[in-house]
K.L.:
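This structure is in C-alpha cells; I'll ask about it shortly.
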Amino acid sequence: MHIAPYDNSNRPIVDIDDDTVPLNYFNIVKLTLGQSFDYRVPGYETCIVPATGTVDIMVEGVAFDGLGGRGTDVWDGEPEGVYIPSGAKVTITCTSDATETFVAGAKYDKVLDPFDVRRDQIDLVQYGSDDTKTHRKIKHILGQKQADQVGRLLVSELYTVGQGGWSGFPSHKHDTDRLPQETRHDETYNFRFRPNHGSGLQMLQREDGKPGDAYHIVDGSTICIDRGYHPCAVLPGYEMYYFTILGGLSQRPLVQYFQPSHADQIETIPGIKDMIAKFK
C-alpha cells in the first residue's frame, strides 16, 4: 500500500493494529524550537530517530539529550536513536530551529529498558556494485548490535550509493512464519530523494510468475508491505533513501525468502550475504 505525502499533524501515519501492517507503527513528528510532543503506544515498542534537527527525549523520567544533529536532510550526517519500551510515556522536545523526527514501532508486550544509540554505535553495511545496479549503504540503528535489548523491532536507514539503481534485489519476501525458510515481518518504508523532486518505483509482486503492482514513490512517500516480493528503484540522476521499520511476529531476526526466479542473482552481488546476516 502506498500512502502519499501529506501533513499528518503529528498523528500516526501507520497507527496500532493497522489493517495492512498490524505489527508496525509509524509517526512523523514535526516541531520547532522549544515545542514538545508527548506520546505513549500501548503494546508497541518504539524507536525515535530524528530525520533532521536535534531533540531531547524523556522516557518515564530517564533523559536522553541532544539526539540527532542532522541539518537540512537525511544525507547531512549520521542517524541516532532512542529505544522506547512498550507503553512508556515519552516527551520529545525540539532543541534546534526545527526537527522532523521519525517514530518507528513494532508490536511487543514485554517492557524492556530504554537506551540510546549514538552515531558511533551505528552498524554500517555497504554492499552491491555500480555494475550490478545494486550499490547501497545500510545504517542499522536497531540492528544486530542491539539484539539482546529489543523485542521484535528492527530499524534501519537505507541509501542508494551514487545515482540510480535498485534496492531489495534479488526480490524477496517475509510474509509467512515457516522457519527455517522464512519469517513473518511486516515492513514500512518512508522515502526521501536527493534532489527532492526525484522519484522512484516500488514493486510488489504477490506471487512468483504472475504480474504484480507498482507504485510511483516521491519524496515523503510511505509504503506498507504485508506480503509479496518487493524490490524498489530510483530514477537515474537521483539518490534515494528510505527509513525502514520491520516488526516480527514470532522473533526479531529476519529470514528473507528470495524469489525462486531471481534467487541465483545473490551470487552476482558483492557483499549481499553479509547484508542478509545483519537483519537480526
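Predicted model only: the values in this text are computed from it and were never measured. These values consider heavy atoms only, across backbone and side chains, with no hydrogens, waters or symmetry-generated copies.
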K.L.:
Are any non-hydrogen side-chain atoms of S221 and P5 less than 4.5 angstrom apart?
P.N.:
yes

K.L.:
Could you walk me through whether Q251 and L179 pass side-chain contact (heavy atoms from CB on, under 4.5 Å), step by step?
P.N.:
CA-CA 10 Å; Q251 66 174 44; L179 288 168; 3.4 Å; yes

K.L.:
When rounded to the nearest 0.5 angstrom, what is the spacing between NE2 in H135 and NZ in K133?
P.N.:
12.5 Å

K.L.:
So, does E267 use its side chain to make a donor-acceptor pair with the main chain of D264 at under 3.5 Å?
P.N.:
no

K.L.:
Does the side chain of S129 pick up a donor-acceptor pair with the side chain of T132 at under 3.5 Å?
P.N.:
yes

K.L.:
Honestly curious: do I28 and L142 fall in one hydrophobic cluster under the side-chain, below-4.5 Å linking rule?
P.N.:
yes

K.L.:
Please answer whether the main-chain N or O of G105 pairs with a side-chain N or O of T46 as donor and acceptor at a distance below 3.5 Å.
P.N.:
no

K.L.:
Once rounded to the nearest 0.5 Å, what's the spacing between atom NZ of K110 and atom CD of E45?
P.N.:
11.0 Å

K.L.:
Might you confirm whether atom CG of D120 has over 12 heavy atoms from other residues, nucleotides or ligands at distances under 6.0 Å?
P.N.:
yes

K.L.:
Could you check if a side-chain atom of V21 sits within less than 4.5 angstrom of a side-chain atom of E187, using non-hydrogen atoms only?
P.N.:
no

K.L.:
Can you tell me if N10 uses its side chain to pair, donor with acceptor, with the backbone of K30 under 3.5 Å?
P.N.:
yes

K.L.:
Ring centres of Y238 and F193 under 6.0 Å apart?
P.N.:
no

K.L.:
Answer yes or no: is there a side-chain heavy-atom contact under 4.5 Å between V255 and Y257?
P.N.:
no

K.L.:
Going by an N to O cut-off under 4.0 Å, is there a salt bridge joining K173 and E207?
P.N.:
no

K.L.:
Are the side chains of L154 and R252 in contact, using a 4.5 Å heavy-atom criterion?
P.N.:
yes

K.L.:
Please state whether the rings of Y83 and F115 are parallel, tilted or perpendicular, taking 30° and 60° as the class boundaries.
P.N.:
parallel

K.L.:
Working to the nearest 0.5 angstrom, can you tell me the gap between N24 CG and I13 CD1?
P.N.:
12.5 Å

K.L.:
Whether the side chain of D76 engages the backbone of G71 through a donor-acceptor N/O pair (distance < 3.5 Å, no angle test) should be reported.
P.N.:
yes

K.L.:
Is M203 linked to I3 within one hydrophobic cluster, defined over Ile, Leu, Val, Met, Phe, Trp and Tyr using a side-chain heavy-atom separation of less than 4.5 Å?
P.N.:
no

K.L.:
Check whether M58 and F102 end up in the same hydrophobic cluster, where Ile, Leu, Val, Met, Phe, Trp and Tyr are linked by side-chain heavy atoms less than 4.5 Å apart.
P.N.:
no

K.L.:
Verify the neighbour count for atom CG of D97: are there more than 12 heavy atoms of other residues, nucleotides or ligands below 6.0 Å?
P.N.:
no

K.L.:
For the SG atom of C232 and the CG atom of L158, what is their distance to the nearest 0.5 Å?
P.N.:
8.0 Å

K.L.:
Thinking salt bridges, do D109 and K107 make one under a 4.0 Å N-O criterion?
P.N.:
no

K.L.:
Answer whether the closest heavy-atom distance between the side chains of T183 and D177 falls below 4.5 Å.
P.N.:
yes

K.L.:
Examine L246 and V125 and state if one hydrophobic cluster contains both, with Ile, Leu, Val, Met, Phe, Trp and Tyr joined whenever side-chain heavy atoms are less than 4.5 Å apart.
P.N.:
yes

K.L.:
Hey, what else clusters with I57 if you join Ile, Leu, Val, Met, Phe, Trp, Tyr whenever side-chain heavy atoms sit under 4.5 Å?
P.N.:
I16, Y25, V29, L31, F37, Y39, V41, Y44, I48, V55, V59, V62, F64, L67, V82, I84, V90, I92, V103

K.L.:
Between Q259 and Q205, is there a side-chain heavy-atom distance shorter than 4.5 Å?
P.N.:
yes

K.L.:
How long is the gap from NE2 on H174 to OH on Y229, to the nearest 0.5 Å?
P.N.:
11.5 Å

K.L.:
Run the side chain to side chain contact (heavy atoms under 4.5 Å, CB included) test against S36 and tell me which residues pass, sequence neighbours left out.
P.N.:
T91, T93

K.L.:
Where do M240 and S167 come nearest, in terms of heavy atoms and distance?
P.N.:
CE-OG, 4.3 Å

K.L.:
For a quick test of reading the model, state the closest non-hydrogen atom pair linking R152 to L249 and the distance between them.
P.N.:
NE-O, 3.7 Å

K.L.:
Just so I know, are the side chains of H230 and Y189 near enough to count as touching, which here means a heavy-atom distance under 4.5 Å?
P.N.:
yes

K.L.:
Any heavy-atom pair between the side chains of R70 and P79 that's under 4.5 Å?
P.N.:
yes

K.L.:
Atom OG1 of T99 and atom CD of Q35: how far apart are they, to the nearest 0.5 Å?
P.N.:
11.0 Å

K.L.:
Can you tell me if Q126 uses its side chain to pair, donor with acceptor, with the backbone of K137 under 3.5 Å?
P.N.:
no

K.L.:
Among E157, E78, E80, exactly one meets salt bridge (Lys or Arg N to Asp or Glu O under 4.0 Å) together with K139. Which residue is that?
P.N.:
E78

